[in-house]
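I have placed the structure first, in the form of structure tokens, so that the comments after it can refer back to it.
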Amino acid sequence: MRDEVDARPSPVTEPCRLRSPRVPRAPHLPRPTAGAREAGSGRYGRLVASLGVLVVATLVATAARAQGKPPEASAPAVPVLPPRVRAQVDVPYPEGARGDAVVVLRLLVGATGSVDEVSAQSGVEPFAGASVAAARAWSFDPATRDGKAIAARIRFEVRFHEPAPADASAATPEPARAAAHGAAAADEPVEVRVRGHRAPPGASSLERAEVRQLPGAFGDPFRALDALPGVTPIVSGLPFFYVRGAPPGNVGYFLDGVKVPYLFHVGAGPSVIHPAMVERVELYPGGYPARFGRFAGGIVSADTTAPRSDLHGEGNVRLFDVGTLVETGFAGGKGTALVGGRYSYTAALLSLIAKDTQLDYRDYQARITYDVTSKDRLSLVTFGSYDLVAQTINGINNVLFASEFYRVDARYDHTFAPGTTLRAAVTLGFDQTRIPDQPRNSRSTSAAGRVELSHVVSDRALVRAGADATIEAYRADSRPYADPDDPDTQRFNALFPGRDDVTLGAWADVVLDLPRWQVIPGLRVDLYQSAGASAVGVDPRLASRLEITPKVHVIHTLGIAHQPPSFLIPIPGLAIGQLQGGLQTSIQSSAGVEVDLPQATTATVNVFDNVFQNMSDTLGVTQQRGLDGGFKEPRSLGSAAGAELYVRRKLTRRLGGYLSYTLSRSTRSVGNEHFLSAFDRTHVANAALAFDLGKNWRAGTRFTVYTGTPVVPPGNGSLIPPPRSLSPARDPAFYRLDLRLEKRWKLSETRWLAFVAEMMNATLHKEVLLGRTIGPVSIPSLGLEGAF
Amino acid sequence: MKTRALAAIGAATMVIAAASAVGSPACVPADTRPPPGSLLLTVSPSAATQNGVVTTDGWAITFERVLVAMGNASLDDGCISYSEANYDRVLDVTATPGQKLGILHGLGQCDVRFRVSTPSTDALLGAGVAEADKTAMRTPGSDAYVPLGGVAVDVLASATRGADTKHLHLRFRPSLRYQRCTAGEADAAAVDLRSNVDLTYDLRIEAEALLRDDVDAAAPLRFDPFAAADTNGDGEITLDELRAVPLALVRDGGAFEAGTYVVDDAGVLRAGGPVAIETLGDYVYLVLMPTLPRFRDTGACTPTVRGPR
């Protein structure tokens with residue numbers, strides 16, 4: 001369900017193209033002279049602004065369907081009209097300015113026709129500022145889809161021409177003006193791209209604005225992933241999960257295409273990326289696009305917000321941490337700079353009540369973009385995270401857990417033509433983790449380069465392709481003060497040898513928009529080299545969305561994915577180096593139906609069937625069987641099959657909610673033993689409701705319930721254990737209730753302040769996991785949030 | 001304008017650089033703890049276990065093999081533990097004295113703990129021990145005291161008096177955790193680990209303890225009751241045969257009375273508990289076998305039965 005759309009410049013989805021209706025010229029405006037229309041000819045004081053709707057309008061439909069078909073597929077069936085200027089839109093020529101200038105604005109035109117957001121995408125001061133200030137008062141006939149008013153994001157070009165001296169003297173003391181009159185200045189039809197963002201076939205998408213309303217997610221898009229269908233939690237509150245039977249180590253995390261080693265502070269805390277920087281998060285539970293590879297389970301891909309040149313920011317203060325993010329433009333809107341981060345003062349708090357314990361986490365994000373030309377953009381993005389848990393005993397500080405990672409991503413984006421773009425990027429990384437119980441540090445340094453090309457071949461075909469290369473050097477300190485005979489030490493050394501890994505990959509797919517049918521065939525090839533071993537993964541992918549009726553679509557995904565052996569959970573600087581044991585392989589398939597229901601509600605039903613070969617799911621096969629610190633890598637076969645239901649009405653609506661249910665069965669085979677995965681949960685259900693109480697009060701509740709894990713037959717320790725069963729007894733089911741209450745004060749059109757109280761597991765319910773009672777794990781959160 | 005743009009880029013770059021510096025690499029602290037002391041635990045046979053012994057009733061006892069699966073040595077919370085030896089070994093203690101059990105690192109005064117139990121899959125093999133020995137000890141089995149479990153201690157001995165020769169082969173399956181080790185002084189910590197000081201403590205295995213009249217190390221050794229248990233006269237004395245001998249018949253000296261017992265928190269066997277000790281087999285299996293390990297010659301550790309592994 002998507003009420004708004006954003007204007008990501010991403011060419012991922014092929015836009016439909018519409019001829020906008022011509023907008024009548026404002027009658028009171030002087031018709032520009034020929035000279036005035038010529039660039040740089042400004043001979044008269046008032047001039048012209050040829051205001052064109054330049055493009056890229058992202059139309060969002062207030063009534064648009066969120067999980068529905070992508071814009072490229074829906075456009076031909078759903079007539080979309082762009083916003084049209086309703087009244088005169090003048091921009092005064094800035095006093096004291098000189099020369100001609102061009103400013104490109106990004107406008108969000110709301111469903112009422114008002115300009116809800118405006119920023120200068122390019123242009124110099126003082127012209128950019130003058131344009132932004134003027135644009136706030138503009139009024140439009142809103143865009144429509146299927147006759148219904150919808151919000152739309154568009155780019156607007158304002159051209160300033162310096163008044164000619166003669167005219168200036170004649171006109172003095174009135175300032176020169178540049179008139180802006182929407183499409184009226186453009187006698188030619190205007191091209192508009194419709195970008196009502198819809199998740200690619202088979203993917204689930206979460207937008208930050210909506211996640212903010214989800215109880216138990218603490219406003220964090222990544223923490224909301226466990227509410228999606230196909231996701232099976234390991235334990236309540238711990239943000240590591242199985243995805244359609246694939247263990248946490250087989251789920252890859254990406255931010256703007258950059259691999260992120262893990263998402264959450266101290267394993268279970270807030271995410272390592274400030275939520276305000278995340279536009280949306282998409283979960284690909286299988287059959288994902290060819291762009292993603294090297295993970296055999298699922299993909300979590302987050303997109304950062306588009307750069308904005310207007311000064312804006314967001315901040316929050318909570319019980320345990322404070323976070324902020326600020327972005328502004330420079331160089332007349334050609335450049336943007338963003339800085340954000342989060343700092344935990346739990347260390348200070350804990351020092352008051354538990355002086356011997358230290359819990360510390362922090363992260364940072366920064367981004368600079370600069371439009372060298374209208375078609376070339378340079379970007380530098382960096383982010384990082386640091387966690388520390390330590391305890392002081394007898395005056396000696398013992399680090400129990402510490403981890404950090406840092407990324408710097410330098411990008412160059414070039415637009416050859418509308419729909420044809422190139423991104424070339426280089427990423428540098430450093431990861432490090434203190435291995436508990438060893439204790440020693442394991443680290444990796446990496447350098448990666450990638451090139452991605454997107455090209456619109458025709459109205460029916462979009463070709464995407466890319467290649468990348470990664471070099472990762474893994475090193476671990478020698479274990480201090482250790483018994484050299486300890487098998488744990490030897491296992492660790494064997495499992496995580498110092499080495500240099502090289503990975504090369506290339507991929508391509510085609511988005512074919514056939515009548516009523518979108519099909520995306522793709523292929524990915526990866527070459528892995530690690531510690532003297534090498535392997536090749538060839539991953540064909542196929543996704544399809546077939547329109548049965550405008551409101552009913554049938555979706556299929558099919559894919560093969562390969563991955564080097566993986567550890568229990570993703571840990572920075574720690575990756576198994578046992579490539580000689582072969583790649584993990586998964587064969588993923590799903591089929592489903594998407595239905596747009598009345599009241600802006602969507603429903604999706606999927607069935608899936610995944611097969612895993614040679615998987616290194618230590619977590620799923622060795623629970624209660626002696627993990628030996630987890631430094632083992634038993635290979636197994638696996639399968640997972642099930643059905644998913646997802647009914648959703650956007651949580652940001654006055655009354656919104658969703659129901660997510662997964663019925664699944666996940667099995668493993670080791671040798672001749674066939675058994676349920678240690679974290680197989682037959683039923684996983686989530687239901688959430690968010691409602692507007694009026695007077696800017698908003699409340700939400702979420703109920704989660706799932707089946708207990710299989711009970712492993714009481715073993716004889718390390719003796720030959722009795723075989724596990726495919727129909728074992730189970731631990732008791734678990735449920736929890738999350739609550740959220742928010743009071744918001746709107747300080748101005750763009751500024752607001754909110755008080756948020758949230759409680760995960762408000763009923764203090766305990767969970768039984770693998771025979772042991774845990775908890776209650778409940779997380780309260782009180783905080784103030786604000787934005788400008 | 002260009003100058004301003006460059007200045008802005010420079011400023012923004014500085015911001016990013018500053019942000020990067022805040023979280024500059026290598027924030028994860030290095031190990032700043034002071035150097036610990038180390039404790040090497042070794043295992044040796046008692047003189048009787050290694051060289052044989054003559055009992056008070058005239059039997060010459062020779063211990064041919066004494067396999068003990070032991071390890072997982074650790075320090076308690078009384079001191080700062082730097083590293084433990086979370087693994088086990090299968091040792092034939094008759095093979096050679098001073099076999100390594102594990103190395104512990106730490107600082108301070110604390111207790112030492114270790115375990116005697118069925119070997120793990122990764123158990124290391126001591127001198128004279130073959131993989132087949134470990135496999136045999138890991139093979140699940142049962143006896144009157146452990147319904148299902150591997151073997152923790154396997155004792156093979158022979159006894160000769162005149163022309164009579166008897167063979168004794170006993171397998172013990174319980175999992176025992178030893179703690180509260182003392183070398184003599186009751187309240188003294190088992191070990192005092194000081195920075196850069198390396199210690200070596202020996203755990204002595206006294207197989208002859210199986211023949212004692214009492215748990216006291218000074219109690220006399222007698223083999224006649226064992227020889228008498230060989231009712232079928234095949235020369236092989238088994239646990240089942242020992243279990244057929246009422247304790248009252250062989251302990252008429254009053255050293256130990258049949259009854260029901262319990263081991264209290266201090267490791268002392270007290271009457272009135274749920275454990276029935278009525279036969280010689282019960283007495284050897286439940287009372288004497290846990291006393292095999294000695295801490296630093298004359299010391300002792302308190303065993304706790306943890307059930308089979």
Side-chain angles (χ1 to χ4, degrees), chain A residues 124-125 329-332 334-337 339-341 362-368 370 380 382 384-386 388 390 393-394 396-399 402-404 406 408 430 432-434 437-441 443 445 477 479-488 491 626 628-629 716-720, chain B residues 1-2 4-9 11-13 15-20 22-36 38 73 77 79-80 82-87 89 100 102-108 117-124 138-140 148-150 175 307-309:
Chain A
V124 298
E125 296 293 354
F330 62 89
K334 285 187 172 181
T336 66
V339 177
R362 55 181 180 259
D363 58 64
Y364 73 90
Q365 304 82 38
R367 178 179 66 192
I368 290 179
Y370 185 77
L380 185 64
T382 178
S385 168
Y386 171 71
L388 173 69
I393 303 173
N394 296 338
I396 297 177
N397 187 258
N398 291 274
V399 177
S403 187
E404 62 190 334
Y406 309 94
V408 177
F430 177 81
Q432 184 167 234
T433 291
R434 170 69 59 87
D437 295 331
Q438 293 277 318
R440 52 174 154 172
N441 293 354
R443 66 188 67 83
T445 52
D477 297 335
R479 183 180 178 183
Y481 317 124
D483 185 334
D485 293 340
D486 189 340
D488 251 6
R491 269 195 296 267
D628 293 311
N716 301 297
S718 57
L719 293 178
I720 301 168
Chain B
M1 188 61 67
K2 184 178 290 184
R4 276 196 297 173
L6 290 175
I9 292 175
T13 304
V15 169
I16 283 193
S20 299
V22 168
S24 61
C27 279
V28 170
D31 193 353
T32 58
R33 299 173 300 172
S38 74
D77 294 337
C79 60
I80 301 170
Y82 280 52
S83 72
E84 300 180 335
N86 293 315
Y87 66 99
R89 296 174 184 264
K100 177 181 174 181
I103 300 177
L104 310 174
H105 292 86
L107 276 179
S117 61
T118 301
S120 68
T121 52
D122 299 317
L124 304 180
R138 285 182 45 76
T139 302
L148 187 64
S175 178
R309 290 191 52 162

Can you list the residues that meet the ring-ring contact (aromatic ring centres under 6.0 Å, His included) rule with Tyr82(B), with sequence neighbours excluded?
Tyr481(A)
Is it the backbone or the side chain of Arg440(A) that comes under 4.5 Å from a heavy atom of chain B, or both, or neither?
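Neither the backbone nor the side chain of Arg440(A) comes within 4.5 Å of chain B.
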Measure Ser385(A) against the heavy atoms of chain B and call it side chain, backbone, both or neither at under 4.5 Å.
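Contact with chain B is absent: no heavy atom of Ser385(A) under 4.5 Å.
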Heavy-atom side-chain contact between Arg33(B) and Leu107(B) under 4.5 Å:
no
Who wins among Gly384(A), Ala482(A), Gly335(A), Pro484(A) for the most heavy-atom pairs under 4.5 Å with chain B?
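Option with the greatest count: Ala482(A).
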Measure distances from Leu104(B) to the heavy atoms of chain A and classify the residue's part below 4.5 Å as side chain, backbone, both or neither.
neither
Is a donor on one side and an acceptor on the other found under 3.5 Å between the side chain of Arg443(A) and the backbone of Phe430(A)?
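Judged by distance alone, no pair lies under 3.5 Å.
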Which residues pass the side chain to side chain contact (heavy atoms under 4.5 Å, CB included) test with Asp485(A), not counting sequence neighbours?
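Side chain to side chain contact (heavy atoms under 4.5 Å, CB included) list for Asp485(A), sorted by chain: Asp483(A), Tyr87(B), Arg89(B), Lys100(B), Leu124(B).
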